[in-house]
Amino acid sequence: MNKIKNSLKNVHDGILYSSKMFLLLWQNDKKYLLYLVLDILVSSALPFINMYLVKYSVEMLTNGADYVNYIKLVVAFIAASIVFTNLQSYFNYKRDVCGNLIGIKMYKNIYEKTIYLDYEMLLDKDIIEKRELALKVINDMRVTTFTQVFKIVATNVIVLIGLVAVLSAIDFWIILIALAIILVNTVSTAIQKKQEIKVNNDFIPLNRKTAYFFNTGADASINKEIRVYNMMNPLIKMYVGIQNAVLKLVQKSFRIFFANRTVANLSNALLDLAMYILLGLKVLVTNTITVGDFSLYLSTIRTFNSSVQGLLTSYLDILNSGQYLKNYFEFMNLPTMLEDKKEDIPLEHSMVFTFENVSYKYPEQDIYALKNINMEINAREKPAVVGENGAGKTTLVMLLMRMVNPTEGRILLNGTDIRQFSAKEYFKLFSTVFQDYKLFAFQIKDNISSLDENDRDVEQKVNFAIDKVGLRAKIDSLKNGINTYIDKIYENDGVLLSGGESQRVAIAQAFYKDAPVIILDEPTASLDARVEAEIYTKFDEITADKTAIYITHRLASIRFCDRAVVLKDGQLLDIGSHAELMHKCPYYAELYNIQAQFYADSENMDGKNEE
């Protein structure tokens with residue numbers, strides 16, 4: 001019963017997503033479908049031209065017809081064949097050109113969908129896999145395959161209608177034998193297609209791992225660790241292990257194909273044997289058909305066999321393509337913030353954020369990253385979020401920024417649940433320097449301005465931000481200044497910035513945006529003590545009329561903050577000023593004293609070295 005339901009569902013999906021694909025093709029390029037229809041009509045005529053050329057030429061040869069008339073017949077049929085074959089090639093060429101343009105548009109659709117997806121979705125392995133399957137539709141030329149299969153189906157339907165008319169005069173048993181052999185081939189192909197889908201799905205995680213290992217070899221940021229820690233041989237062994245798993249799947253795929261071809265070759269040989277015997281009987285014994293008819297019927301039965309097999313195989317391909325196309329359309333139907341039609345944020349000078357019993361756990365995780373957080377962040381306040389690694393500091397601000405939504409509880413802005421606001425508009429409230437910040441391989445100006453296309457004073461604002469973070473000397477030393485590319489992906493004269501320089505570019509980006517709320521997630525981790533002090537001093541100046549949230553494990557940084565939020569293992573332990581926490585929060589006092597002792601020991605060691 002379940003198998004029947006699954007089969008019916010596959011048929012439903014195949015029809016549904018095939019219809020959606022035709023609609024997509026129609027919306028993107030109507031000429032593509034026009035060339036497809038013309039290609040079908042021309043392709044349907046070709047088999048009959050060849051079949052009747054054989055029939056009439058054989059009859060003229062056996063009946064001793066006039067040679068000139070024979071030449072005329074052959075030339076006429078060959079000319080028709082040349083015209084139709086070239087028309088077929090032309091329509092295929094035009095369809096391929098249109099198809100490439102559609103593929104480019106589909107790539108753009110997937111890229112645009114990805115960058116507008118809710119951030120939390122990008123943390124979900126199933127969503128990422130769905131995206132990979134959507135890309136596979138384009139990379140494996142599934143659109144071209146789908147339309148080619150549809151062409152085969154439509155062509156074979158038209159051809160079969162003509163063949164039925166030809167075969168109406170032939171022996172019933174011949175047709176029955178042909179149908180039986182076709183059925184065997186169809187069942188074999190159906191099994192092959194089902195196994196192919198399973199093998200292709202098994203390839204996906206292996207391809208992802210292969211790509212990761214392959215790219216690590218050329219990634220300069222990772223390659224340093226590989227060399228220093230002598231990881232070359234272990235990594236190669238791991239890579240070989242993955243490749244062996246890929247090889248097993250490739251071998252399995254070839255075994256499936258070989259088994260199917262063996263069945264097809266045997267059944268087609270049996271069909272040929274039966275046809276030659278039975279049609280020969282009608283020519284040599286019963287004298288009911290001519291030699292020309294023998295050629296026509298033999299050719300017709302072979303064409304009938306290939307057409308029915310092609311029709312049924314293509315039907316299975318359409319169902320299978322429906323499964324692949326389903327991946328594309330399901331990914332494209334995922335909600336994004338572009339479709340977020342919620343209310344805009346009221347323009348109020350004072351913004352108060354409130355956490356009410358907020359808990360959160362990441363997708364497919366059982367353990368909460370944060371649990372029962374209750375706190376308030378007032379307008380223009382400068383709180384620090386402190387705790388050891390894994391305490392939930394970054395998760396807290398990810399929730400505040402609505403990168404992820406609470407598993408339980410809610411976050412309010414001036415009394416309204418932040419989920420009621422447009423996500424795109426809500427993001428405008430924040431300038432953030434992430435702990436794991438990433439710079440684009442674009443110009444320094446583009447990184448700092450976040451590709452700003454609206455402000456006329458982009459360069460002026462970029463230079464202001466550069467001065468604030470102490471990058472002026474570095475920028476002035478570059479031939480192209482702020483127009484210098486980062487990395488060498490776009491230009492060979494691109495610059496490779498140090499860790500501290502890269503971090504200052506990231507901080508400059510936050511200054512440039514000039515949002516009402518600034519979040520700094522370990523913003524000075526790559527900076528030396530002097531530059532760190534300069535940056536913090538400038539932070540205090542720049543954020544004078546803003547809300548500024550500092551995430552740090554360096555408790556000495558709290559001197560720039562109004563109060564500290566202390567987290568441990570996802571729990572909110574306490575909130576207060578440094579003095580208050582030293583008095584009432586043993587955990588905070590312990591962390592501070594450990595760090596203070598460490599710096600004191602470091603200073604003593606430096607003093608001894610100087611002596």
Side-chain angles (χ1 to χ4, degrees), residues 10-52 80-103 106 137 140-168 175 178-179 182-183 185-186 189-190 192-193 264 299-326 328-329:
N10 288 339
V11 172
H12 172 267
D13 287 347
I15 295 172
L16 174 64
Y17 291 106
S18 297
S19 302
K20 286 188 174 184
M21 180 52 68
F22 276 118
L23 180 60
L24 180 69
L25 295 173
W26 177 260
Q27 291 170 341
N28 280 280
D29 196 337
K30 296 177 177 60
K31 289 185 292 185
Y32 186 91
L33 293 181
L34 171 64
Y35 291 127
L36 177 62
V37 170
L38 293 173
D39 189 9
I40 288 169
L41 293 175
V42 170
S43 299
S44 301
L46 276 170
F48 294 99
I49 293 174
N50 296 325
M51 284 165 46
Y52 278 95
S81 179
I82 290 171
V83 170
F84 276 74
T85 301
N86 280 286
L87 282 173
Q88 184 186 47
S89 298
Y90 175 75
F91 294 141
N92 264 314
Y93 154 71
K94 297 296 288 185
R95 188 157 51 86
D96 287 343
V97 171
C98 296
N100 286 330
L101 295 175
I102 290 171
M106 290 176 72
V137 170
D140 290 358
M141 302 183 70
R142 288 285 168 183
V143 177
T144 303
T145 302
F146 166 74
T147 52
Q148 187 64 27
V149 166
F150 177 78
K151 171 198 164 183
I152 293 171
V153 169
T155 301
N156 283 329
V157 167
I158 296 172
V159 169
L160 284 171
I161 291 171
L163 293 177
V164 167
V166 175
L167 292 174
S168 59
I175 298 176
L179 289 174
I182 290 167
L183 181 62
N185 283 340
T186 303
T189 302
Q192 178 197 358
K193 295 295 180 184
S299 177
T300 301
I301 290 169
R302 284 178 170 173
T303 306
F304 183 81
N305 176 34
S306 61
S307 295
V308 173
Q309 284 190 45
L311 182 63
L312 295 176
T313 302
S314 298
Y315 167 74
L316 294 172
D317 282 336
I318 285 180
L319 295 186
N320 292 335
S321 293
Q323 296 302 305
Y324 288 108
L325 298 175
K326 178 181 178 182
Y328 174 82
F329 287 109

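Side-chain atoms are counted along with the backbone in the values below, which use heavy atoms only and exclude waters and symmetry mates. Predicted model, so just to flag it, every value in this text is computed and none were measured.
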Spatial distance of atom [atom1] ([X]) from atom [atom2] ([Y]) [nearest 0.5 Å]:
| X | Y | atom1 | atom2 | result |
| --- | --- | --- | --- | --- |
| F91 | I40 | CZ | CD1 | 11.5 Å |
| L41 | L46 | CG | CG | 11.5 Å |
| N86 | I82 | CG | CD1 | 7.5 Å |
| S43 | L87 | OG | CG | 10.0 Å |
| K31 | L38 | NZ | CG | 13.0 Å |

Atom of S81, atom of N50 and distance for their closest heavy-atom approach: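 Smallest heavy-atom distance, with atoms named: OG-OD1, 3.9 Å.
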Residues in side chain to side chain donor-acceptor pair (under 3.5 Å) contact with Y32, at least two apart in sequence or another chain: T147
Donor-acceptor under 3.5 Å (D39 side chain, Y35 main chain): no
Validation row: R95, K151 side chains within 4.5 angstrom (heavy atoms): yes
